[in-house]
Amino acid sequence: DHDDQVRGVCPAPSHFPKGSVLTCSLDKTIKLWEPENGENGRVYNRTKIFVGHTDFIIDLKILPITDEREKVMSSLKVVGSGRFILTGSWDKTIHIWNAKNLERVTKLVGHEGNVLALEQLDDGTIISGSGNNEIRIWSGSGKLKKTIPRAHTSCVRSICQYETGFASTSNDGFVRIWTKDGEPKSNYQAHDNLVYSIICSSSPRVGEHKLLITSSEDQQVKFWKADGNCLQRIYFPSCLWTCAELNNGDFAVACADGKAYILTQNDKFKATEAKQKTFDDAVQESKEKRSGIKMEDLEDVTILTDIKGQSNNEMKVVNDNGTAMCYLWDMANGKWECIGEYLSGNDSNPNSQDLSQKQAINGVLYDRVWDVEIDDTGAKYKLGYNLGDDPYAAAQQFILNHGLRQTFLDEIAEFILKQTGQNFAGDLNKPKEPQSAMFDPYAAMEKEERKKQQEVKDHFPVEIYPTIRSFTKPEKVMAKILEDNDQIDNLAEHPGWVYLSKNLAAISEKKEVPKEVPELLYKLMQSFKGKALFPILDIVRLALLNESIAAYFENLADTFNILTFVCNTCFVSEAPFALKLMGIRIIINSSEYARPLVIKELDNIISTIEHDRDNLLALTHKQFVIAFGKLLLSISVLLRHLHIKDESSKTIESHKLRWASLIHRALATPNSSNSLFAFDSIRSMGTLILFSALKADEPLVDHMKKA
């Protein structure tokens with residue numbers, strides 16, 4: 001035990017007994033714990049206390065660290081088989097030190113935010129993350145190779161090597177997987193709250209794959225498989241700061257309750273029943289404190305199988321395995337839907353709340369719901385808000401839910417403030433006094449951090465592929481397909497159709513989708529012609545944002561390349577406007593998970609757009625103009641990534657010049673008066689010109705001067 005929060009854990013040096021662990025704390029001490037195996041399992045004895053620090057200790061590694069520090073050290077990494085130490089600081093710099101003589105080797109400068117995360121890959125590449133949501137990639141000698149300006153939507157907290165690339169996590173709750181060159185591979189929401197730490201197991205734990213382990217403000221440690229599925233979650237009595245793997249295969253977790261906990265897969269060394277009960281009771285007490293109600297006062301979740309709700313959206317809070325979970329009655333489908341953990345302690349009896357004035361969006365109840373039109377897509381969205389919530393947090397969640405531009409944050413928050421007659425601006429902008437010299441603004445001032453997120457200063461080169469996720473009235477789209485169908489018997493009873501009927505609006509968020517779904521989409525595209533294809537392709541462009549569906553079409557490419565189909569169907573001279581719009585949206589969304597298909601068909605895509613250029617640029621419909629701007633940006637980002645992988649490719653150089661000419665022509669049309677189209681077009685050109693993050697591409701600049 002420590003007298004304050006445990007902020008760091010790490011394996012003890014090898015000359016101590018195997019499995020020994022060091023802990024550091026806000027109580028200004030470091031403690032050494034050595035395992036002892038006895039008849040009642042394994043116990044950890046504190047064998048040494050290190051004192052001398054006069055303020056909080058937030059990290060530790062096994063190598064001497066110089067006292068020559070003028071700024072707070074916020075991240076530290078031992079690299080090069082122990083020959084070097086990397087330190088990152090709140091002064092926005094990274095230092096590389098010689099571990100033997102503690103002399104500084106070099107200094108890395110360039111971050112505009114406090115450096116909070118460091119990692120070095122096996123090939124020597126250094127990865128750093130900072131408080132302004134940025135990730136930077138450096139060579140082993142300290143030369144900047146790449147900047148990812150908006151790697152997350154909040155500060156980057158932790159980075160670890162994973163497979164052949166790396167994984168990062170953030171206050172935004174997401175885990176993002178990257179190639180070693182910084183190209184995004186996948187992402188998933190790991191926690192509903194700030195994630196402070198991510199590590200990778202040293203050896204495979206499930207099949208041939210290593211596990212990712214995350215720890216969070218939400219008091220959970222989670223173990224993740226390679227496909228992003230959570231293998232196990234463990235609740236703790238308080239916030240979790242970090243996790244470390246010990247040299248005996250166990251894991252140590254640093255907890256804000258002043259304790260470090262050891263997790264083991266070895267039944268021989270598991271905690272005694274008495275210790276396990278003490279731990280379980282502490283977790284239960286913490287959960288009751290979070291919900292504001294006692295579990296013993298709630299009925300068990302099994303009661304829901306025997307009772308029905310009396311009205312739509314009737315709420316029932318039940319004890320679900322020791323957690324207060326909230327369920328809503330879905331009158332249309334006649335079942336209870338779980339909407340998450342009950343965290344409000346404002347009512348001693350939550351089941352007595354009057355919900356008649358509330359409105360639901362996707363099963364979540366809100367005091368206020370508005371129809372909001374976002375110019376980015378021309379579509380309307382439901383924006384929900386509960387009185388008393390932070391409007392900026394609500395706006396941020398709305399942006400994440402719908403994949404909107406981060407620059408909409410202030411506009412959406414101000415809309416909420418205006419509609420509810422609130423004025424939070426003074427409170428949100430007023431800085432809080434730090435509680436100590438080691439005050440962590442990235443946790444305690446998260447509200448202010450959201451407000452401070454400003455419009456991007458450097459708009460290019462763009463690193464992240466754009467997508468179009470908006471989808472309105474899915475039930476009408478599917479009804480139209482049934483109305484036009486005379487090719488497929490019993491379509492409404494097809495398993496793929498049944499699944500889409502229930503999950504279409506959220507298809508991009510589903511981890512596993514039945515194989516009947518992409519099989520049906522393929523069959524529909526083959527069966528329908530002309531205008532009847534429009535609603536089908538509308539579903540397809542959304543479905544391609546699902547990784548498993550994209551993988552299906554990628555595997556099908558030898559017999560049916562969906563992008564070849566799109567080029568040959570949607571951009572022929574007689575194709576109606578609606579098909580051209582859907583064709584563009586499918587190409588855009590294919591870059592998320594079906595990128596190999598885009599690369600394979602890139603020459604065909606560019607040639608198709610070039611051939612139909614004048615007709616496409618003559619279309620002035622708002623949604624089409626905006627989508628075409630996103631297409632220009634999507635292909636520009638792809639060409640940049642391909643160039644980074646193969647700088648000498650003459651084919652990529654040719655594609656780049658052809659695409660730049662198309663962008664130049666697009667900017668000369670009346671459509672450039674649409675601010676979003678102009679913005680994306682200019683960012684597309686900037687991305688092509690800055691093929692190198694450090695200098696302009698001279699051949700392209702010359703080409704554009706001639707144009």
Side-chain angles (χ1 to χ4, degrees), residues 304-305 308-309 311-314 327-340 359-365 369 371 377 379-382 384 401-403 467-553 556 562 578-579 581-582 585-586 589-590 592-594:
L304 298 181
T305 60
K308 295 182 179 181
S311 60
N312 196 45
N313 288 333
E314 177 182 341
Y327 287 77
L328 292 182
W329 177 250
D330 182 351
M331 185 68 80
N333 295 306
K335 63 180 181 179
W336 293 96
E337 292 283 354
C338 179
I339 62 172
Q359 300 180 63
I361 303 176
N362 296 327
V364 180
L365 292 181
V369 173
D371 287 317
T377 61
K380 289 186 176 180
Y381 301 89
K382 293 287 187 182
N401 289 345
H402 298 289
T467 57
I468 297 180
R469 297 175 178 270
S470 60
F471 197 87
T472 56
K473 300 181 175 62
E475 66 282 352
K476 290 189 176 181
V477 173
M478 299 194 72
K480 179 62 177 172
I481 296 174
L482 288 176
E483 179 184 327
D484 294 339
N485 175 52
D486 57 9
Q487 292 87 1
I488 302 177
D489 295 334
N490 302 318
L491 175 58
E493 300 174 9
H494 190 285
W497 185 269
V498 173
Y499 183 88
L500 286 173
S501 300
K502 297 179 180 179
N503 301 287
L504 179 55
I507 191 70
S508 63
E509 308 301 327
K510 300 296 181 182
K511 291 288 192 298
E512 298 291 338
V513 174
K515 62 181 179 61
E516 289 84 1
V517 173
E519 289 174 352
L520 175 62
L521 294 177
Y522 169 54
K523 188 174 183 179
L524 288 170
M525 283 189 285
Q526 296 287 79
S527 304
F528 284 64
K529 306 295 180 185
K531 290 183 179 180
L533 262 176
F534 172 76
I536 294 167
L537 295 183
D538 199 12
I539 293 176
V540 169
R541 62 95 184 171
L542 186 68
L544 283 170
L545 294 174
N546 179 280
E547 190 169 4
S548 62
I549 294 177
Y552 171 86
F553 283 106
L556 194 66
I562 189 172
L579 282 188
L581 174 62
M582 284 303 115
R585 288 181 168 181
I586 286 176
N589 284 358
S590 294
E592 182 82 356
Y593 291 120

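As a basis for the values below, the full set of heavy atoms in this structure was taken, side chains included, without hydrogen atoms, waters or symmetry mates.
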To the nearest 0.5 Å, tell me how far [X] [atom1] sits from [Y] [atom2].
X	Y	atom1	atom2	value
D484	K529	CG	NZ	14.5 Å
S527	L491	OG	CG	9.5 Å
L533	L524	CG	CG	9.0 Å
K523	Q526	NZ	CD	11.0 Å
H494	E519	NE2	CD	7.0 Å
R585	I468	CZ	CD1	5.0 Å

task: Check whether any side-chain heavy atom of I481 lies under 4.5 Å from a side-chain heavy atom of I536, and answer yes or no.
output: yes
message: If you define the side chain from C-beta out and look only at heavy atoms, does anything of V513 sit under 4.5 Å from Y552?
response: no
- prompt: Is there a donor-acceptor pair closer than 3.5 Å between any side-chain N or O of N589 and the backbone N or O of L544?
  reply: no
query: Does N490 reach the main-chain N or O of E493 with its side chain, forming a donor-acceptor pair under 3.5 Å?
result: no
Using every non-hydrogen atom in the two residues, find where [X] and [Y] come nearest and quote the distance to one decimal.
X	Y	result
L520	G496	CD2-C, 3.8 Å
P514	Y499	CD-CE1, 3.6 Å
N485	I488	ND2-O, 2.8 Å
W336	K308	CZ2-C, 4.0 Å
K480	P535	CG-CG, 4.1 Å
W329	G309	CD2-N, 3.3 Å

- prompt: Taking L537 as the fixed residue, which of I562, I586, L521, L581 is the one that meets the side-chain contact (heavy atoms from CB on, under 4.5 Å) rule?
  reply: I586
- request: Applying side-chain contact (heavy atoms from CB on, under 4.5 Å), run through N503 and V517 and close with a yes or a no.
  value: CA-CA 11 Å; N503 301 287; V517 173; over 6 Å; no
